[in-house]
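Notes follow once the structure below has been shown.
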2 protein chains.
Amino acid sequence: MGATKTEFYTAAQNEIALIAKALGHPARIAIIEYLLKVDTCICGDIVNELPLAQPTISQHLKELKNCGIIKGNIEGTAICYCIDEKVLTHFIAYFSTAANTLQQKKCC
Amino acid sequence: MGATKTEFYTAAQNEIALIAKALGHPARIAIIEYLLKVDTCICGDIVNELPLAQPTISQHLKELKNCGIIKGNIEGTAICYCIDEKVLTHFIAYFSTAANTLQQKKCC
DNA sequence: CTTATTTATTGCAATATTACGATTAAATAA
DNA sequence: TTATTTAATCGTAATATTGCAATAAATAAG
């Protein structure tokens, strides 16, 4: 026990949950916000922005990469991290559809 | 160590992360989808829909309630669970704003 | 008051996450 | 080659999550 029963849910449910889970930590929200704020996306300085050690940031970036919401391009000695617009749009679309369905109900 | 350093992030960051975290489990996504599917929202039968024990469902509902994305109205002996449209809309708006910001950049 | 019915809580075991120091890997610069 | 810089990985401790059996709480029906 203690492990999520992934096999019982649809691929779509697991995928959305995975993205939401990746976004479910304030440090990772802060990283996303930083990537949006900064013009150039050469972003080793996320470490300087957040009160977390470099290995911790690296781990958070890994999780964001794993769900696809960001991607990293090697740019010389640094790595350029970017938000993947497609994945973000997909995520928004899922919940927008839900919100639309909800509006046509008005239950409680 | 091991605990999230909540105090270092803004209230907005923590709030969005909390909602995302609550949605970051396939069972909870499945619960949200069930609430959208069913016409009446008298929903003790979530237990019958998902392959999880009643206490586990109850716990998942609690987490969804904690972040505000659902609310429960007591209806006799049963409880009527509903998605809170305001919270869902707020969540969508946050990421929509992010997506708009992103479109005006085109970095990587 | 008793007995169902429905949902919440408690307690616990298995597993996952968070965070960091130490180290390693990879690329560039000197 | 030898630093230097930048990012990833390893190992590990602290904490959180997931899931369920057992139990409790609350309301409804008889």
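Each chain gets a letter, A, B and so on, in the order the sequences are listed, and its residues count up from 1.
One can place CD1 of A/I79 at 12 Å from P of C/dA26, the figure rounded to the nearest angstrom. Between the P atom of D/dT18 and the CD1 atom of B/I31 lies a distance of 11 Å, rounded to the nearest Å. Atom CD1 in B/I70 sits roughly 14 Å away from atom C1' in C/dA8 (whole-Å rounding). Between A/N66 atom CG and C/dT18 atom C1' the separation is 16 Å, expressed in whole Å. The interatomic distance linking B/I57 (CD1) with C/dA8 (P) rounds to 11 Å, in whole Å. Atom CG of B/L64 is separated from atom C1' of D/dT18 by 14 Å (rounded to the nearest Å). Going from atom CG of B/N73 over to atom C1' of D/dT27 covers 16 Å, rounded to whole Å.
OP1 or OP2 of C/dT17 has not a single side-chain nitrogen or oxygen of A/H60 nearer than 4.0 Å. The phosphate of C/dT7 has neither OP1 nor OP2 within less than 4.0 Å of any side-chain N or O from B/K62. Here A/Y81 does not reach the OP1 or OP2 of D/dT6: none of its side-chain N or O atoms lies under 4.0 Å away. OP1 or OP2 of D/dA8 has at least one side-chain nitrogen or oxygen of A/S58 nearer than 4.0 Å. Phosphate proximity of C/dT18 to A/T56: absent, as no side-chain N or O sits under 4.0 Å from OP1 or OP2.
A side chain to side chain contact (heavy atoms under 4.5 Å, CB included) with A/I70 is found for exactly one of A/I32, A/D84, A/V87, namely A/I32.
Here A/E15 pairs with nothing under the salt bridge (charged side-chain N to carboxylate O under 4.0 Å, His left out) rule; sequence neighbours left out.
Residue A/L88 comes nearest to B/F95 through the heavy atom pair CD1-CD2, 4.0 Å, listed as atom of the first residue, atom of the second, then distance.
Judged by distance alone with a 3.5 Å cut-off, no donor-acceptor contact links the side chain of A/Q59 to the base of D/dA8.
Counting any heavy atom pair closer than 4.0 Å across all strands shown, A/L52 reaches sugar-phosphate atoms only and no base atom. The residue A/Q54 sits close to a base: some heavy atom pair falls under 4.0 Å.
Where B/E63 and B/P55 each meet DNA chain D at their nearest nucleotide, the meeting point lying more 5' is that of B/E63.
Relative ring orientation between B/H25 and B/H60 is described as tilted, the plane-to-plane angle lying within the 30° to 60° band.
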Exercise. Please step through side chain to side chain contact (heavy atoms under 4.5 Å, CB included) for the pair A/Q103 and B/E85, ending with a clear verdict.
Key: CA-CA 8 Å; A/Q103 278 191 330; B/E85 209 177 313; 3.1 Å; yes
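Of all the residues in residues 6-28 of chain B, not one reaches under 4.0 Å from DNA chain C with any non-hydrogen atom.
Put simply, the side chain of A/T56 never gets that close to the backbone of A/L52: no donor and acceptor are under 3.5 Å apart.
When Watson-Crick and G-U wobble pairs are counted only if both distances are under 3.5 Å, C/dC12 pairs with D/dG19.
Classification of A/K37 and A/E49 as a salt-bridged pair holds, one side-chain N sitting under 4.0 Å from a carboxylate O.
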